[in-house]
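Reading through the structure tokens given below for one structure.
Values below: every heavy atom of this structure, side chains too, minus hydrogens, waters and symmetry copies. Just so you know, residue 1 is the first one in the sequence shown, and it goes up from there.
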Amino acid sequence: MRNNNYLLVSLILPVSVLLVGGCASEPAPKASAEKILSGEQMLRDSQGIAQLGSRWQEGKQMVERGQAMQREGQIKIDEGRNLIEEGQKIMRESEEGYKNLKQ
């Protein structure tokens, strides 16, 4: 009877280790489902990317031109304000001078 128990324990232990080890190991890698691209597909993709790059560059140039126009416009606005202030100052001085002459 002891031999049977010993035999049973000696068989159960390695089988248990194999089962636990099998469950703990990483799964086998799956075959790649991704298809290899053809030369034509790569060419179409690269042309699409080039079109996106050109479009982006066109947008960037538009932004830069708009910013330059805004800077130029702000300079003109500032010049206009200065002219108005100077003109109003001259008008006030002239009016005061006129009032002083009339007295």
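Note that CD1 of Ile84 and CZ of Arg81 are 8.5 Å apart. Values are rounded to the nearest 0.5 Å. How far CZ of Arg65 is from CE of Met69: 9.0 Å, rounded to the nearest 0.5 Å.
The side-chain contact (heavy atoms from CB on, under 4.5 Å) test with Glu79 singles out one residue from Ile75, Ile77, Leu83, and that residue is Ile75.
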### Message
Run Gln88 and Arg92 through side chain to side chain contact (heavy atoms under 4.5 Å, CB included) and show every step you take.
### Response
CA-CA 6 Å; Gln88 288 173 340; Arg92 277 191 310 272; 3.8 Å; yes
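The side chain to side chain donor-acceptor pair (under 3.5 Å) pairs that include a residue from residues 36-60 are Gln41-Arg44, Gln41-Asp45, where partners are two or more places apart or lie in different chains.
Under the salt bridge (Lys or Arg N to Asp or Glu O under 4.0 Å) criterion, Glu95 pairs with no residue, sequence neighbours left out.
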